[in-house]
Amino acid sequence: DSRVKRSTILFNAAVSACEKGDQSVQASQFLHEMADTRVECETFTYNAAVIACESGEQWVQALQLFREMGDSRVQRDNITYNAAVSACE
């Protein structure tokens with residue numbers, strides 16, 4: 001089968017690329033696709049998406065992702081808090 005199996009590592013790479021390209025909408029879409037396909041989201045995944053929102057001046061979306069982390073019981077770290085605060089500046 002030539003299809004690539006969806007995995008946390010694959011999605012982390014995609015979300016990280018969105019972070020570097022200031023593509024906050026696409027990063028959020030990847031997070032929701034992860035949930036839809038039951039691929040585990042990690043702190044790294046959310047952090048990259050929140051940073052993409054910060055870079056794209058999407059503070060509402062950044063705070064929504066921050067809240068989703070808590071709802072999903074994904075551990076927040078210093079990077080998460082700093083990115084969320086920076087997105088609101």
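All values below come from the heavy atoms of this structure, side chains included, with hydrogens, waters and symmetry mates left out.
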Once rounded to the nearest 0.5 Å, what's the spacing between atom CZ of Arg73 and atom SG of Cys41?
15.0 Å
Is it possible for you to check whether Arg76 lies under 6.0 Å from the centre of the six-membered ring of Phe66, through NZ or CZ, and within 45° of that ring's axis?
yes
Restricting to non-hydrogen atoms, name the atom on Ala52 and the atom on Ala27 that form the minimum distance, rounded to 0.1 Å.
CB-CB, 4.3 Å
Could you tell me the separation between the CD atom of Gln23 and the OG atom of Ser28, rounded to the nearest 0.5 Å?
11.5 Å
Distance col, row Gln75:CD vs Met69:CE, nearest 0.5 angstrom, shows 8.0 Å
Under 6.0 Å from the CD atom of Glu33, do we count more than 12 heavy atoms belonging to anything else shown?
yes
Value rounded to 0.5 Å, distance of CG in Asn47 from OH in Tyr81
11.0 Å
Value for CD (Gln61) from CG (Leu65), rounded to nearest 0.5 Å, stands at 5.5 Å
Considering non-hydrogen atoms only, spot the tightest contact between Ala87 and Ala62 and give its length.
CB-CB, 3.6 Å
Examine distances only and state if a side-chain atom of Thr8 and a backbone atom of Glu40 form a donor-acceptor pair shorter than 3.5 Å.
yes
Residues, nucleotides or ligands: over 12 heavy atoms within 6.0 Å of Ile79 CD1
no
Rounded to the nearest 0.5 Å, what separation is found between the CG atom of Asn12 and the OG1 atom of Thr45?
3.5 Å
Heavy atoms, side chains only, cut-off 4.5 Å: are Trp59 and Cys53 in contact?
no
Identify the heavy atoms of Cys88 and Leu63 that sit nearest to each other, and give their distance.
SG-CD1, 3.7 Å
Which atom of Ala84 lies closest to which atom of Val50, heavy atoms considered:
N-CG1, 3.8 Å
CG/Asn78: more than 12 non-hydrogen atoms of other groups inside 6.0 Å
no
Flag side-chain contact, heavy atom, 4.5 Å: His32 against Glu68
yes
Determine whether Phe11 and Leu31 make a side-chain contact, defined as any pair of heavy atoms from C-beta on separated by less than 4.5 Å.
no
